[in-house]
Amino acid sequence: MTYSKGTTASATFILCCLVSSARLLVDAPSASRLKNFPDKVGQRSDQRFAALKAVLPERGVVGYIGEPGAPALGDYYLTQYALAPLVVDHSANHSLVIGNFSNSIPSEPPPHLHLKKSFGEGVFLFATEATTQRTTSR
Amino acid sequence: MMSLLAALLCLACGFLLVCLGWPQLRPTFSDYLFIASLSVGVGLGVFSMVFFLSLLLDTARFLLVDFVVLALFLIAFFGMRIQRAAVSLVMPVEQISEMRTWYGRLVMTGFAIALGCALYAAAMRLWAYPHGDGWDAFSIWNLRARFLFLGGAHWRDGFTASLPWSHPDYPLLLPAAIAHFWVYLGHDAPAVPAVIGFLFTFSTVALLFAALSLFRGRTPAMLGAIALLATPSFIEQGTSQYADVPLSFFILASIALLCIHDGLAQSELARSDSPQEDRKQTARGPGLLALAGLAAGFAAWTKNEGLLFLCAMLLARLVTVARCGPLGRDWFSGVRQIAPLALAAVPALLLIAGFKHFIAPPGDLFSASASPLHKLLEPARYWAILQWYVKGFFRFGRWLLLPGSLLLVGYYFAAGKEKYAEPQAGIRMSSLALALTLAGYFAVYLVTPYDIFWHLRFSLTRLFLQLWPSSIFLFFLLVKWSEAKDSLAELRRNAPDHA
């Protein structure tokens, strides 16, 4: 039995491709692990900010303060994802400011902000003094 | 129930639009598969555009709008079906019963294994990462979809310059299609973007298979599909809810449709002698050209790179029509080879122009205050990009042991190049379009305002992936296939039962 170059090439090609298919299988999350596989994005966004979202206005712009450094930017993106269509600006210069920290409030929050409410697990709502006074007088 | 209605409306719109451009249904599996897989992407594109236009026109009656659009497509479909002459889509495929040989069985088994692995991995990934895997899914595409759906009358809030990291200038095919489905469901279910990602991934595979099957037969089609299914990053990106795989779908659709059109025109021209006959025959195919333009338009509505591809494709078409005699024997027929293509892309282009001008803030790439021109004079930047291109060529698929790109090169040298009787205008044009797109990516890296290495590191592999399905398609059109067929014939002769 003789094989042409084309046939041999095709057979080799298929075998080599299937090696990479094996990688897909190995790298895929296994079925046994999926039962306890945490939905990290959902946990860090929708679930984490559900209580806060209920007290925020439906739309508009709010500020944001969080842990320093580039790695913490992901937390900010997830906050925006959870609170859309509210725009979350990474700045403390707003009447309402969301605090998103790993556990407790930082030792030195911006001086013009006052803690309005803590939602646990490092999620806080700050307001400027003027906003707090307006809310109190009502 | 409402999700089923939305899916049916979306598919029906896509199916009717594809059938409007398709010359005639031929009762073969490949034709139906091509139309079905193309209908998925076209339907989602139409759904996206209709939703965005409804937002612009401030109408909340999406169901009514969808039914009106469907009714219009139905009227056009039946109207054109009556007027259209019957055309036979005969592609130069030599049909042989390859599947009955050991070789055919080997290819089919390989295909089944690759498909099974890809389906399993995709399903597990969708289950594990319902919001997508990677930042772009929720910081760009799904975030924008939430702004469109949850924003109500204030949907423009999401396109603020305060969120530059979310790229509010990116086109909206995916976000608007997702938001359209959410309107039917009544809430922002994460399953919708996940299913859309899954559909685009496997529709691309089906489209590649069907297109290759139309040209070369089932076995090369399976080989092409295996090459794509066994590209781990393709399956991973597709189920990560990024826009690169949907873009690759539309690029492949556009290129495959152009190759089908040109292949058809060439085979018809070869049979006709008189110029009068030439005009009559080539007039049969504007529908395919229009579908190719529509797909390219959807590519531009998916990602900014799609806009680059659209320009590259139109330029390549212009060059090919000007140079290749058989497709344009006179000026008039030359115009007819370009006009349907360009005109079909106009709705998407108008939508993009309106979006970029009136709604989106300026993009990040060209809004830097310093002029990027001085970067063009830095040889070190050219060298860096070239090095990354070479590295990326071997790495972008995340293959194991042997890169798929290298496998294709090896296969080409082993099997040889197909010798066509006439120059294949469609293959030439498509190759030129892909080369121009790659050159365009190169130029963008040259002038990028970001750190060039950071930019290359986080985007180049995805850019290569966008062109990968089309490259596989063109590769299997170029590579010689008769060797395998010869061997099949020989094997049949040597088989004991044959004697």
Side-chain angles (χ1 to χ4, degrees), chain A residues 1-35 37-46 58-61 63-64 73-74 76-91 94, chain B residues 103 106-107 110 113-114 117-118 120-121 124-125 127-132 135 138-139 142-143 146-147 150-152 154-155 157-158 160 162-163 165-166 190 223 226-227 229-232 235-236 397-402 404 407 410-411 414-416 480-484 486-487 490-491 494:
Chain A
M1 207 185 269
T2 56
Y3 304 99
S4 74
K5 273 198 298 184
T7 311
T8 314
S10 300
T12 314
F13 179 79
I14 292 167
L15 287 175
C16 292
C17 282
L18 291 183
V19 173
S20 286
S21 283
R23 172 174 227 165
L24 263 175
L25 281 186
V26 172
D27 289 356
S30 65
S32 56
R33 271 174 47 211
L34 276 179
K35 286 174 193 163
F37 206 89
D39 171 18
K40 284 182 185 166
V41 173
Q43 279 180 354
R44 289 170 65 190
S45 59
D46 292 347
E58 283 188 11
R59 49 188 60 92
V61 185
Y64 178 91
L73 271 179
Y76 164 56
Y77 297 162
L78 286 163
T79 310
Q80 173 61 82
Y81 179 62
L83 300 180
L86 195 66
V87 174
V88 182
D89 186 17
H90 202 314
S91 153
H94 293 274
Chain B
Y103 176 74
L106 171 75
V107 176
I113 293 171
C117 291
Y120 174 81
M124 291 297 117
R125 286 177 58 77
W127 194 356
Y129 311 112
H131 291 270
W135 296 108
F138 55 81
S139 69
N142 294 342
L143 172 65
R146 282 189 169 187
F147 272 114
L150 299 170
H154 299 268
W155 60 270
D157 288 359
T160 168
S162 307
L163 308 173
W165 49 269
S166 72
L223 284 176
I226 290 171
L229 287 165
T231 305
I235 303 298
E236 287 160 0
R398 263 189 22 88
W399 295 284
L400 192 62
L401 296 179
L402 270 175
L407 271 179
Y411 187 87
K480 192 173 181 182
W481 186 240
S482 53
E483 286 255 12
D486 291 346
S487 76
E490 191 176 332
L491 284 167
N494 295 338

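Chain naming here is simple, since letters A, B, ... match the order of the sequence lines and numbering starts at 1 in each. The figures that follow rest on heavy atoms only: side chains count, while hydrogens, waters and symmetry mates do not.
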Solution key, residues 15-24 of chain A side-chain donor-acceptor pairs under 3.5 Å, sequence neighbours excluded:
| from | atom 1 | to | atom 2 | distance (Å) |
| --- | --- | --- | --- | --- |
| S20(A) | OG | L400(B) | N | 2.9 |
| R23(A) | NH1 | R398(B) | O | 3.1 |
| R23(A) | NH1 | W399(B) | O | 3.0 |

Atom pair NE2 (H131(B)) and CG (L78(A)), whose distance is rounded to the nearest 0.5 Å: 9.5 Å
Inter-residue atom distance F138(B).CZ - Q80(A).CD, 0.5 Å rounding: 12.0 Å
Atom of L143(B), atom of Y81(A) and distance for their closest heavy-atom approach: CD1-CA, 3.8 Å
Heavy-atom pair with the smallest gap, counting every atom of A28(A) and Y120(B): CB-CE2, 4.4 Å
4.5 Å side-chain heavy-atom contact, S30(A) and M124(B): no
For the student: nearest non-hydrogen atoms of A82(A) and R146(B), plus distance: CA-NH1, 3.8 Å
L223(B), part contacting chain A, at a heavy-atom distance under 4.5 Å: both
side-chain hydrogen bond (donor to acceptor under 3.5 Å, both in side chains) against T160(B), all qualifying residues, sequence neighbours excluded: S162(B)
Top of I226(B), T231(B), L229(B) for chain A proximity - count of heavy-atom pairs under 4.5 angstrom: I226(B)
Approximate separation, where rounding is to 0.5 Å, of L402(B) CG and F13(A) CZ: 11.0 Å
Considering all heavy atoms, the nearest F147(B)-P85(A) contact: CE2-O, 3.2 Å
Shortest non-hydrogen separation from R59(A) to G152(B) and the atoms involved: NH2-N, 4.4 Å
From W135(B) atom CH2 to Y77(A) atom OH, the distance as rounded to the nearest 0.5 Å: 8.5 Å
Portion of V61(A) that has a non-hydrogen atom of chain B nearer than 4.5 angstrom: neither
